[in-house]
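What follows is a set of notes on a single structure, which appears directly below.
Atom set for the values below is all heavy atoms of this structure, side chains included, hydrogens, waters and symmetry mates excluded. Nothing here was measured: the structure is a model prediction, and the numbers come from that model. Proteins get letters first, then strands, A, B, ... in listed order; numbering begins at 1 in each.
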Protein chains: 2
Amino acid sequence: MENNKITIHDIARILKIDSSTVSRALNDSDRVTQKTKDKILAKAQELGYQRNHLASNLRKSKTYTLGVIVPRISRHLFSSAIAGVEETAYKMGYNVIICQSLEQLERERNIVGTLLANRVDGVLLSVSMETINYDHLQGLKQRNIPFVFFDRHCNISDNSNVLIDDYQAGFDATEHLIGQGCKHIVHFSGPQNLEIYKNRLKGYLSALQIYDIEFRKDLIIESRLMEIDGVENAKLLLELPYKIDGIFSANDIAAIGAMQYLKQQGIRIPEDIAVVGFSNEPISALIEPSLTTIDQPGFKIGKTATTLLISQIHEGATKMKSETIILKPNLIERKSSLRKFESGNY
Amino acid sequence: MENNKITIHDIARILKIDSSTVSRALNDSDRVTQKTKDKILAKAQELGYQRNHLASNLRKSKTYTLGVIVPRISRHLFSSAIAGVEETAYKMGYNVIICQSLEQLERERNIVGTLLANRVDGVLLSVSMETINYDHLQGLKQRNIPFVFFDRHCNISDNSNVLIDDYQAGFDATEHLIGQGCKHIVHFSGPQNLEIYKNRLKGYLSALQIYDIEFRKDLIIESRLMEIDGVENAKLLLELPYKIDGIFSANDIAAIGAMQYLKQQGIRIPEDIAVVGFSNEPISALIEPSLTTIDQPGFKIGKTATTLLISQIHEGATKMKSETIILKPNLIERKSSLRKFESGNY
DNA sequence: CTGTTAGCGCCTTCAT
DNA sequence: ATGAAGGCGCTAACAG
């Protein structure tokens with residue numbers, strides 16, 4: 001059995017029937033007797049037959065492939081999401097092509113082209129920090145290829161999204177700090193073209209308002225939220241004319257950068273300044289308990305988005321109704337940083 | 001231009017030539033006049049023609065798809081490697097199917113089946129902790145589908161590998177600790193069916209020998225190296241009849257678990273006990289400088305392995321000569337934990 | 001150099 | 001319930 005080259009015709013010839021019957025049997029059509037079906041399936045098994053998807057897909061002009069675009073695969077949130085995508089996709093008989101935009105719009109545009117060339121049946125995407133509009137997604141619309149935004153989306157006409165409730169999480173984070181007695185809470189915010197950062201900011205503002213804390217514009221520090229930005233933010237923060245006692249960071253990396261710097265300056269955390277940060281990386285769980293995190297359910301996001309996308313693919317080009325699913329992140333205040341690193345689906 | 005349905009026949013008809021000429025031109029064959037080539041390319045561009053890979057691949061009976069099997073996508077080492085795989089693969093015109101074994105042999109076996117069914121042109125794999133032999137890879141061998149192990153391999157007959165020099169790294173790590181004045185160095189080792197752990201252990205033993213330090217069997221603690229194992233190891237370590245002053249951990253997660261526990265017990269790091277750990281996760285870079293890490297070049301591993309695999313695919317079933325490439329990891333002693341988190345290709 | 005012919009392996013009308 | 005026939009879109013002989 002050198003090179004598996006068995007086709008439906010081989011089976012047909014051996015069984016002295018037509019290949020179309022074999023094809024039907026293999027597809028479990030109800031227009032074949034159970035008896036012949038059994039016979040065919042048995043022979044197929046015996047010969048080690050494997051359907052040639054290339055041929056099948058060509059005929060059906062479907063690829064059973066999904067495209068996934070993320071800013072960066074190795075970000076924990078995204079690799080977890082991808083894990084969820086893969087799992088769901090395979091269960092439903094789809095393959096997945098994964099691409100990274102590296103936060104560049106130009107690359108994102110090219111990737112869309114590649115995915116079109118590969119005739120994917122649908123696309124999942126989390127846009128880059130540079131992405132403001134979705135002109136580069138027109139090709140998908142034109143060819144009726146459904147796509148679903150996850151985590152980072154574009155706030156535009158009827159698209160499907162699977163998002164985290166950033167507003168609520170921002171509110172909870174701020175409320176948590178207020179509950180700890182913080183009076184002057186700085187917010188490390190991200191690029192405002194991304195909805196997630198807008199919403200986290202909104203949550204922050206709401207909490208201040210409800211708890212009747214005066215809002216000061218200079219307490220909002222916007223950056224791209226890399227670790228070095230956290231350090232810079234921390235420096236800025238120390239020069240403010242208020243005694244800062246809380247930080248709500250829109251991600252954990254910047255939060256950690258800031259914490260490192262502040263500790264070097266002899267500031268105690270959380271005694272002097274309490275910190276809450278969105279958790280993109282598992283690091284947050286391992287750093288000392290002084291960082292309270294908002295954990296994002298990456299795996300679940302991936303699963304949910306994939307399920308939604310595939311359902312849209314199945315609906316077909318009929319009446320692609322857009323849908324937005326919002327998942328809840330969890331505020332986690334650690335008593336101890338010792339938690340099971342391997343647990344769950346991470 | 002509703003649904004892009006332009007084929008080479010359309011172009012041929014419009015230009016009043018044969019579709020085979022169009023095909024040749026599109027494939028940049030040297031058996032077409034430059035003039036007609038230009039004409040065809042221009043028209044193709046104008047009509048927005050895109051080659052149908054399904055048809056092309058069916059005809060050539062190649063999928064231009066690689067399978068990648070890793071224990072877990074969201075592990076930083078693997079997601080970095082995958083990033084490298086993707087980049088290289090796309091450049092060479094290949095797609096990538098990514099699968100997770102979740103450290104289970106059974107899943108690994110199934111995945112191989114799936115990849116075979118998908119007719120991948122080659123496979124990259126990093127075996128699960130449960131994988132002892134490679135019976136489940138027979139299918140690949142039989143059908144002459146080349147595969148390359150990366151990072152975690154099976155030490156068996158002529159296969160291709162892209163590995164890290166674990167022996168040397170283990171030696172360096174131990175030497176580093178000895179250089180710090182450590183006399184009693186514990187080694188947290190991993191499952192011995194994996195070569196990587198065997199080799200790290202060998203490096204440890206060699207360094208002890210060369211520096212004339214007595215080897216004690218009870219200083220080697222074997223586990224699956226999860227965080228909780230690190231804690232357990234730390235407990236064991238404190239009960240040893242020697243004053244332990246150094247730990248060489250075969251991964252960072254266990255190292256961190258141990259460090260957390262030891263610090264709770266009032267032990268100072270690195271003053272009382274110095275720790276060196278292999279770095280699978282970026283966390284190691286952010287945890288305080290007390291953990292010296294051995295950084296593994298995941299991205300480069302991915303790139304290298306892919307290049308090797310594709311070259312084997314191109315060589316064809318002729319004389320698939322196996323090759324092993326060994327990359328050097330870096331021992332990184334941090335002065336400050338503040339390093340650029342976003343840098344490089346992570 | 002270009003055209004003709006013949007499939008790759010499968011699925012799907014259309015007959016019977 | 002099964003068979004016959006054609007074609008998805010492309011490529012690779014083989015001619016000329």
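Checked for salt-bridge contact, B:Asp38 and B:Lys35 miss the test: no charged N lies under 4.0 Å from a carboxylate O.
Separating the CD1 atom of B:Ile8 from the P atom of C:dT4 is a distance of 14 Å, rounded to the nearest angstrom. Remark: C1' of D:dC10 and CG of B:Leu26 are 10 Å apart, rounded to the nearest angstrom. Computed from coordinates, the B:Arg13 CZ to C:dT2 P distance equals 20 Å when rounded to whole Å. Distance, B:Lys16 NZ to C:dT2 C1': 17 Å, rounded to whole Å. Rounded to whole angstrom, the span from the CZ atom of B:Arg51 across to the C1' atom of D:dC8 amounts to 16 Å. The distance between atom CG of A:Asn27 and atom P of C:dT12, rounded to the nearest whole Å, is 7 Å. Summarising the geometry, the separation between CZ on B:Arg31 and C1' on D:dA12 is reported as 9 Å, rounded to the nearest angstrom. Across the protein-nucleic acid pair, B:Ile11 atom CD1 and C:dT2 atom C1' stand 17 Å apart, rounded to whole Å.
As judged by a 4.0 angstrom heavy-atom cut-off over every strand, B:Ile17 is placed among residues touching the sugar-phosphate backbone only. Residue contacts for B:Ser23: at a heavy-atom cut-off of 4.0 Å it reaches a base atom on one of the strands shown. Among the heavy atoms of the strands, none lies under 4.0 Å from B:Asn57. Residue-level contact check: B:Arg24 touches the bases, meaning some heavy atom is under 4.0 Å from a base atom.
Of all heavy-atom pairs between B:Asn118 and B:Thr63, the closest is O-CG2, 3.7 Å. Residues A:Val32 and A:Ala25 come closest through the heavy atom pair CG2-N, 4.0 Å. Heavy-atom minimum distance, B:His53 versus A:Ala117: ND1-O, 3.0 Å.
Distance from the side chain of A:Asp18 is smallest to D:dA4 among C:dT2, D:dA4, D:dC10. For B:Thr33, counting side-chain heavy atoms from C-beta on, the closest listed nucleotide (C:dC10, D:dC10, C:dC1) is C:dC1.
The aromatic rings of A:His314 and A:Tyr94 lie tilted to each other, with the angle between the two planes from 30° to 60°.
No N or O donor and acceptor, one from the side chain of B:Arg119 and one from the base of C:dG9, sit under 3.5 Å apart.
For C:dT2, the OP1/OP2 oxygens have a side-chain nitrogen or oxygen of B:Thr36 closer than 4.0 Å. Applying the 4.0 Å criterion to OP1 and OP2 of D:dA1, one finds that A:Thr21 has every side-chain N and O outside that range. One finds no side-chain N or O of B:Ser20 lying less than 4.0 angstrom from the OP1 or OP2 phosphate oxygen of C:dT4.
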Kindly give the atom pairs (protein nitrogen or oxygen, nucleotide nitrogen or oxygen) under 3.5 Å for nucleotides 6-8 of chain C.
unit_1 : atom_1 : unit_2  : atom_2 : d
C:dG7  : N2     : B:Arg59 : NE     : 3.4
C:dG7  : N2     : B:Arg59 : NH1    : 3.2

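Looking at A:Thr306, its side chain does come within 3.5 Å of a backbone N or O of A:Gly302 through a donor-acceptor pair. A donor-acceptor distance shorter than 3.5 angstrom exists from the side chain of A:Ser160 to the backbone of A:Glu323, with no hydrogens or angles considered.
Evaluation of the side chain to side chain donor-acceptor pair (under 3.5 Å) test over residues 103-112 of chain B, restricted to residues two or more places apart or in two chains, returns B:Glu103-B:Arg152, B:Glu108-B:Thr131, B:Glu108-B:His136.
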